[in-house]
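Working notes, structure below.
We name chains A, B, ... by the order of the sequence lines, and we start the count at 1 in each one.
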2 protein chains.
Amino acid sequence: MSQGVEWGLHCATLLAQVPDGALVRREKLAQHYGLPEPYLAKHLQALVRADVLRAVSGPRGGYGLARAPELINALDVVEAIEGSAPAFTCKEIRQAGTGALSPEQCLRPCVINSVMTQADNAWRSSLRSVTIADLTHRLPKWVRKHNVDVLTEGA
Amino acid sequence: MSQGVEWGLHCATLLAQVPDGALVRREKLAQHYGLPEPYLAKHLQALVRADVLRAVSGPRGGYGLARAPELINALDVVEAIEGSAPAFTCKEIRQAGTGALSPEQCLRPCVINSVMTQADNAWRSSLRSVTIADLTHRLPKWVRKHNVDVLTEGA
DNA sequence: CTGTTGTGGATGACTAGTGTCCGCAATATA
DNA sequence: TATATTGCGGACACTAGTCATCCACAACAG
């Protein structure tokens, strides 16, 4: 899995901690976690397109959450960066080779595909059950204070 | 996710269907699903190393299940091929950059890592709950007959 | 108008997955 | 024991996706 997921999750959680939904510049965001700014830009763009973050150009611009942190879950962030395609894709090999089944014999979905899909759904449900707000609340409050202090210093 | 997972799951399920745990040659296995035999060999080797399949060399040799199909679950097969490492790996970016936390401040695991790990566990639990025996039982019996017929013809 | 900031595309390096090949080891049969 | 068959293991290309950077363009505040 792409490390951009970790970046996106951390950035979204961080943006949920700034007071009054203030905007944070990309440079500041990158420096806060020691990330390469040009590449981080790519992932932030994906998050904006997925309506997880909002971006404002120009001076006093930057990034912020597009919605209330209670309305954004971890799956939103992960899918924005990794895409929503399931990790497992059935190639229907049961329809190939000497043991091939005809298309009429394959009206029922492949049992292996079903099992993998079920596992994928369990994974997605787990991520969907956690919101960005949950993530911030699980942080010790002195960590939240630390983050806000770092972000607002020199502002 | 590697397509070898699909191959391994199908092959394990197929081997569970042959009567008396008879061995099936690699060539036969590859032809049954129209797979490239040399590459399939790689994945079969991994399954043997993981004690999912057993292999016998020489004439009358081939592959069979290493254990009873009730004692092999889907996760065993997936991990044998994909490895057991979780898809998400935390790079601890909270300890880097201007917002870095000191190692003493990071005694608690990263909340984002926790969430991803929890989702990963849900995925693994889902796969672990399904055995190879379950997979064969979910197949229509005329499919099982079809597979056995194809495998035993010319034998 | 001007400087600041994000957007989108083009580009390249690097890693992992895909696929093949060949010599070696193991085994059943004559 | 000799031989043919079969799986094992490593070496080798090819491909796709990730990682990373750069630059011209658009949007915006003072």
Result for 5'-nearest mapping on DNA chain C, choosing between A:Gly58 and B:Gly58, is A:Gly58
Base, sugar-phosphate, or nothing: which does B:Pro38 touch, judged by heavy atoms less than 4.0 Å apart?
-> base
Could you tell me whether the side chain of B:Lys42 has a donor or acceptor atom within less than 3.5 Å of a complementary atom in the base of D:dG9?
-> no
DNA chain C: 5'-proximal contact among A:Ala41 and B:Glu82 (nearest heavy atom) | A:Ala41
Distance in angstrom units between A:Tyr39 OH and C:dG9 P, rounded = 16 Å
D:dT21, D:dA20, C:dG19: which one has an atom nearest the side-chain heavy atoms of A:Pro36?
-> D:dT21
Inspect the contact between B:Asp149 and B:Lys145 and indicate whether a charged nitrogen and a carboxylate oxygen are less than 4.0 angstrom apart.
-> yes
Output yes when at least one side-chain N/O atom of A:Ser2 is less than 4.0 Å from OP1 or OP2 of D:dC19, else no.
-> yes
Rounded distance in Å - CD (B:Glu27) to P (D:dT6) = 7 Å
Round to a whole Å and report the spacing from CZ of B:Arg54 to P of C:dA26.
-> 18 Å
Interatomic distance, B:Lys28 NZ vs D:dT5 P [rounded to whole Å] = 16 Å
Is there a donor in the side chain of B:Gln3 and an acceptor in the side chain of B:Glu6, or the other way round, less than 3.5 Å apart?
-> no
In whole Å, what is the span from the CD1 atom of A:Ile93 to the P atom of C:dT18?
-> 13 Å
What nucleic acid atoms does B:Gln3 come within less than 4.0 Å of, heavy atoms only: base, sugar-phosphate, or nothing?
-> sugar-phosphate
Whole angstrom is fine here: how far is it from NE2 in A:His43 over to P in D:dG17?
-> 16 Å
Between B:Lys91 and B:Gly62, name the one whose nearest nucleotide on DNA chain D is closer to the 5' end.
-> B:Gly62
Options D:dA29, D:dG7, D:dT18, nucleotide nearest the side-chain atoms of A:Arg60 | D:dA29
Of all the heavy-atom pairs spanning B:Ser2 and B:Glu82, show the shortest one and how long it is.
-> CB-OE2, 2.7 Å
B:Arg26 side chain: which of D:dA29, C:dG17, D:dC8 is closest?
-> D:dC8
Regarding the side chain of A:Gln45, the nearest nucleotide among C:dA28, D:dG7, C:dG8 is C:dG8
Select base, sugar-phosphate, or nothing to describe what A:Arg49 touches, counting heavy atoms under 4.0 Å on all strands.
-> sugar-phosphate
ring-ring contact (aromatic ring centres under 6.0 Å, His included) with A:His32: which residues, sequence neighbours excluded?
-> none
Separation of B:Tyr63 atom OH from C:dA26 atom P, in whole Å?
-> 15 Å
Residues B:Thr117 and B:Asp120: side-chain donor-acceptor under 3.5 angstrom | no
Can you tell me the distance, in whole Å, between the CZ atom of A:Arg25 and the P atom of D:dA29?
-> 16 Å
Between C:dA28, C:dT7, D:dC28, which nucleotide has the shortest distance from any of its atoms to the side chain of A:Pro59?
-> D:dC28
